[in-house]
Asks: 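Let me give you the structure first, and then I'll get to my questions.
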Amino acid sequence: MKHYLQFNDFSADEYAYLLERAAFIKKKFKAYEKYQPLADRTLAMIFEKASTRTRVSFEAGMYQMGGSVVHLTTGDSQLGRAEPIEDSARVISRMTDLVMIRTFEQAKLERFAQYSRVPVINGLTNEFHPCQILADIFTYIEHRGSIAGKTVAWVGDGNNMANTWLQAAQLLGFKVHVSTPRGYEVDEKLAVGAGGISANSYQFYSDPLEACQGADLVTTDVWTSMGYEAENEARKKAFADWCVDAEMMAAAKEGALFMHCLPAHRGEEVEADVIDGPQSVVWDEAENRMHVQKALMEYLLLGRVA
Ligand code: CP
Ligand code: NVA
């Protein structure tokens, strides 16, 4: 049994399979072809934070594959009344086949997985958001081909998305230019472990414009992630220069793409003319969450089928 708790949980070879499989599953969806390999399987989704894309993509994806879904939140389950996570894991995993969790600390997700009888998927933690990066890479490949050897510019917070980009870069052989304000840097050790990240995969820039130079993809995220709302005012001041604008896009390679995991705040981390402009692929990126997660669920439940 495999879990998907962080991007590093799969090998480059498994990603090659998953990305191909996602393309195959997407093609069937676009052709209105029924594909229901997960008939009679149940996915439990546990949300301790808000969501639009993650909920809709997992829920719609599971129904399309013939399965069903149970949706739980902190407020409407015993999770919000301090039932131990270990007990919740034991019980939920006796009644369902697969569990997706969106929560705060990665350690909580790991504890759940330790006591689960079924595969567990990270639907976002404070530290990582692997399903999103899987969708982002799939989207890049759809538009531009292989991401190996390419450069991704990350402009903004050294958050769960940035950490996951670092893992992906090291594993799949591309480079991430990261620019964050001082005090909001990526924690490299947390992101990739004690061994650290190679200089071929990561470079830090204090100037966001410089980070965008020569990039094949420019990407950003909210200044204040879920769980950090108390820091909102301080962050608005600190991040004022980390807004992806036309000048940054012009510094990137010609034909560079723009991505944002969404939800976006136009006029904060990105200007409207960028996110709504011709280089932006954010709507494909959002839709692709569903296609890659269908491939992921199939893989975790059935293994390689092709
Ligand atoms: N990108 C993403 O995970 O969106 P939601 O918070 O809406 O699920
Ligand atoms: N970094 C953001 C991503 C939202 C999908 C957050 O954690 O809130």
Asks: Are the side chain of Thr219 and the backbone of Met259 linked by a donor-acceptor contact shorter than 3.5 Å?
Replies: yes
Asks: Tell me whether the NZ or CZ atom of Arg55 lies within the 45° cone about the ring axis of Phe47 and under 6.0 Å from its centre.
Replies: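 Relative to the ring axis of Phe47, which defines the angle, Arg55 lies outside at least one limit.
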Asks: Running the 4.5 Å side-chain criterion over Ile, Leu, Val, Met, Phe, Trp and Tyr, what cluster does Met1 land in, apart from itself?
Replies: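 Result for Met1 is none, singleton.
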Asks: Leu257 vs Asp216, test: side-chain contact (heavy atoms from CB on, under 4.5 Å). Steps then yes/no.
Replies: CA-CA 6 Å; Leu257 299 177; Asp216 299 279; over 6 Å; no
Asks: Begin with the C-alpha distance, continue with both residues' side-chain angles, and end with the deciding distance and a verdict on side-chain contact (heavy atoms from CB on, under 4.5 Å) for Phe128 and Ile133.
Replies: CA-CA 9 Å; Phe128 298 112; Ile133 300 300; over 6 Å; no
Asks: Checking Arg111 side chain against Glu86 main chain: does a donor-acceptor pair fall under 3.5 Å?
Replies: no
Asks: Could you list the residues that satisfy salt bridge (Lys or Arg N to Asp or Glu O under 4.0 Å) with Glu105, not counting sequence neighbours?
Replies: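 With neighbours one apart ignored, the set is empty.
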Asks: Between Ser201 and Val176, is there a side-chain heavy-atom distance shorter than 4.5 Å?
Replies: no
Asks: Please give the remaining members of the hydrophobic cluster of Leu124, linking ILVMFWY side chains under 4.5 Å, ordered by chain and number.
Replies: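 Hydrophobic cluster check, Leu124: joined to Met226.
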Asks: Do the side chains of Thr73 and Glu48 get nearer than 4.5 Å, heavy atoms only?
Replies: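 When only atoms from C-beta onward are counted, Thr73 and Glu48 do not touch, as no gap falls below 4.5 Å.
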Asks: Taking C-beta and beyond as the side chain, do Leu38 and Leu43 meet within less than 4.5 Å on heavy atoms?
Replies: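 No, side chains not in contact.
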Asks: Is the backbone of Gly227 close enough, under 3.5 Å, to the side chain of Glu229 for a donor and an acceptor to pair up by distance?
Replies: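 Side chain of Glu229 to backbone of Gly227, a donor-acceptor pair under 3.5 Å: yes, one is there.
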Asks: Linking Ile, Leu, Val, Met, Phe, Trp and Tyr through side-chain heavy atoms less than 4.5 Å apart, which residues share a cluster with Val120?
Replies: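 Noted: Val120 shares its cluster with Leu5, Ile46, Val70, Leu72, Leu79, Ile85, Ile92, Val99, Ile101, Leu109, Phe112, Val118.
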Asks: With side-chain contact (heavy atoms from CB on, under 4.5 Å) as the test, would you mind laying out the steps for Tyr17 and Val305 before giving the verdict?
Replies: CA-CA 10 Å; Tyr17 167 78; Val305 291; 3.6 Å; yes
Asks: For the atom pair CG (Leu19) and CZ (Phe138), what is the distance rounded to the nearest 0.5 Å?
Replies: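 Reported to 0.5 Å precision, the distance equals 7.5 Å.
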Asks: Carefully, step by step, assess Asp284 and Thr139 under the rule side chain to side chain donor-acceptor pair (under 3.5 Å).
Replies: CA-CA 7 Å; Asp284 289 343; Thr139 307; over 6 Å; no
Asks: Do the ring centers of His291 and Phe29 come within less than 6.0 Å of each other?
Replies: yes
Asks: Answer yes or no: are there more than 12 heavy-atom neighbours, outside Arg304 itself, under 6.0 Å from its atom CZ?
Replies: yes
Asks: What's the shortest heavy-atom distance between Ser146 and Tyr140, and which atoms?
Replies: O-CE2, 3.8 Å
Asks: Checking Asp245 now: which residues fulfil side-chain hydrogen bond (donor to acceptor under 3.5 Å, both in side chains) with it, not counting sequence neighbours?
Replies: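 Asp245 satisfies side-chain hydrogen bond (donor to acceptor under 3.5 Å, both in side chains) with no residue once adjacent residues are dropped.
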Asks: Could you tell me whether a side-chain N or O of Lys108 sits under 3.5 Å from a main-chain N or O of Phe104, the two making a donor and an acceptor?
Replies: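 Answer holds: no.
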Asks: Are side-chain heavy atoms of Glu185 and Val178 found at a separation under 4.5 Å?
Replies: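 Glu185 vs Val178: side chains apart.
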Asks: Around atom CG of Asp207, are there more than 12 heavy atoms from other residues, nucleotides or ligands closer than 6.0 Å?
Replies: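 More than 12 within 6.0 Å, yes.
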Asks: Report yes or no: does Thr220 contribute a side-chain atom to a donor-acceptor pair with the main-chain N or O of Val155 at less than 3.5 Å?
Replies: yes
Asks: Which value, rounded to the nearest 0.5 Å, describes the distance between Met249 atom CE and Leu209 atom CG?
Replies: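 Between Met249 CE and Leu209 CG, I get 12.0 Å after rounding to 0.5 Å.
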Asks: Counting distance only, does the side-chain N/O of Ser57 pair as donor-acceptor with the main-chain N or O of Thr54 below 3.5 Å?
Replies: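 A pair under 3.5 Å: yes.
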Asks: Would the distance check show the side chain of Lys175 and the main-chain N or O of Ala199 forming a donor-acceptor pair, the cut-off being under 3.5 Å?
Replies: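 Yes, the answer is positive, given that a donor and an acceptor are paired below the 3.5 Å cut-off.
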Asks: What is the distance from atom CZ of Phe58 to atom OG of Ser51, rounded to the nearest 0.5 Å?
Replies: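 Rounded to the nearest 0.5 Å, the CZ-OG separation comes out at 9.5 Å.
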Asks: Step by step, work out the salt bridge (charged side-chain N to carboxylate O under 4.0 Å, His left out) result for Glu33 and Lys27.
Replies: CA-CA 9 Å; Glu33 234 181 89; Lys27 215 165 148 196; over 6 Å; no
Asks: Report, as yes or no, whether the 6.0 Å neighbourhood of atom NZ on Lys28 holds more than 12 heavy atoms from other residues, nucleotides or ligands.
Replies: yes
Asks: Tell me every residue that passes side-chain contact (heavy atoms from CB on, under 4.5 Å) with His265, counting only those two or more places apart in sequence or in another chain.
Replies: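 If we apply the side-chain contact (heavy atoms from CB on, under 4.5 Å) test to His265, skipping adjacent residues, the hits are Val222, Glu268, Glu269.
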Asks: Only counting residues at least two apart or in another chain, list the ones meeting side-chain hydrogen bond (donor to acceptor under 3.5 Å, both in side chains) with Arg81.
Replies: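 By the side-chain hydrogen bond (donor to acceptor under 3.5 Å, both in side chains) rule, Arg81 matches Gln78.
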Asks: Check whether more than 12 heavy atoms from other residues, nucleotides or ligands sit under 6.0 Å from atom CD of Glu231, and answer yes or no.
Replies: yes
Asks: Using side-chain contact (heavy atoms from CB on, under 4.5 Å), reason through Lys253 and Thr151 one step at a time and then give a plain yes or no.
Replies: CA-CA 10 Å; Lys253 267 196 198 135; Thr151 299; 5.7 Å; no
Asks: Using ring pair (Phe, Tyr, Trp, His ring centres under 6.0 Å) as the criterion, list what pairs up with His129, not counting sequence neighbours.
Replies: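 Checked His129 against ring pair (Phe, Tyr, Trp, His ring centres under 6.0 Å); zero matches.
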Asks: Just how far is it from atom NZ of Lys294 to atom CG of Leu18, taken to the nearest 0.5 Å?
Replies: 14.5 Å
Asks: With Tyr15, which residues qualify under ring pair (Phe, Tyr, Trp, His ring centres under 6.0 Å), at least two apart?
Replies: Phe7, Phe10
Asks: Taking all non-hydrogen atoms of both residues, which atom of Met161 and which atom of Asp136 are closest, and how far apart?
Replies: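 Reported closest heavy-atom pair: CE-OD2, 3.7 Å.
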Asks: Under 6.0 Å from the six-membered ring centre of Tyr228 and within 45° of its axis: does the NZ or CZ of Arg235 meet both?
Replies: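 Because its charged atom sits under 6.0 Å from the ring centre and within 45° of the axis, Arg235 does stack over Tyr228.
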Asks: Do you know which two heavy atoms are closest between Leu262 and Ala286, and how far apart they sit?
Replies: CD1-CB, 4.2 Å
Asks: Please report the interatomic distance CE(Met62) to CD(Gln36), rounded to the nearest 0.5 Å.
Replies: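 The CD atom of Gln36 is 11.0 Å from CE of Met62, to the nearest 0.5 Å.
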Asks: Can the ring centroids of Tyr4 and Tyr299 be said to lie less than 6.0 angstrom from one another?
Replies: no
Asks: How close do Met248 and Pro208 get, heavy atom to heavy atom, and via which atoms?
Replies: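 For Met248 versus Pro208, the nearest heavy atoms are CE-CB, 3.8 Å.
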Asks: The criterion is ring pair (Phe, Tyr, Trp, His ring centres under 6.0 Å); which residues satisfy it with Tyr205, sequence neighbours excluded?
Replies: His177
Asks: Would the distance check show the side chain of Ser93 and the main-chain N or O of Arg117 forming a donor-acceptor pair, the cut-off being under 3.5 Å?
Replies: yes
Asks: Within the distance-only criterion (no hydrogens, no angle test), does the side chain of Trp154 pair as donor or acceptor with the backbone N or O of Ser179 below 3.5 angstrom?
Replies: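 No, because the side chain of Trp154 does not come within donor-acceptor range (under 3.5 Å) of the backbone of Ser179.
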Asks: First locate atom CG of Asp221, then atom CD of Gln132, and finally report the distance between them rounded to the nearest 0.5 Å.
Replies: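 Separation between the atoms: 8.5 Å.
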Asks: Not counting sequence neighbours, list each pair that qualifies as a side-chain hydrogen bond (donor to acceptor under 3.5 Å, both in side chains) and has a residue in residues 162-172.
Replies: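 Only Gln6-Gln167 qualify under side-chain hydrogen bond (donor to acceptor under 3.5 Å, both in side chains).
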Asks: Test of understanding: with ring pair (Phe, Tyr, Trp, His ring centres under 6.0 Å), list the residues that count as partners of His143, not counting sequence neighbours.
Replies: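 Partners of His143 by the ring pair (Phe, Tyr, Trp, His ring centres under 6.0 Å) criterion come out as none, since no residue qualifies.
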Asks: Compare every heavy atom of Ala252 with every heavy atom of Ala256, then report the nearest pair and how far apart it is.
Replies: CB-CB, 3.7 Å
Asks: Any donor-acceptor pair under 3.5 Å linking the side chain of Asn160 with the backbone of Thr125?
Replies: yes
Asks: Please name the pair of heavy atoms, one in Lys150 and one in Arg144, separated by the smallest distance, quoted to 0.1 Å.
Replies: NZ-O, 4.2 Å
Asks: Are there more than 12 heavy atoms of other residues, nucleotides or ligands under 6.0 Å from atom CD of Glu20?
Replies: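 Open: at most 12 neighbouring heavy atoms sit under 6.0 Å from CD of Glu20.
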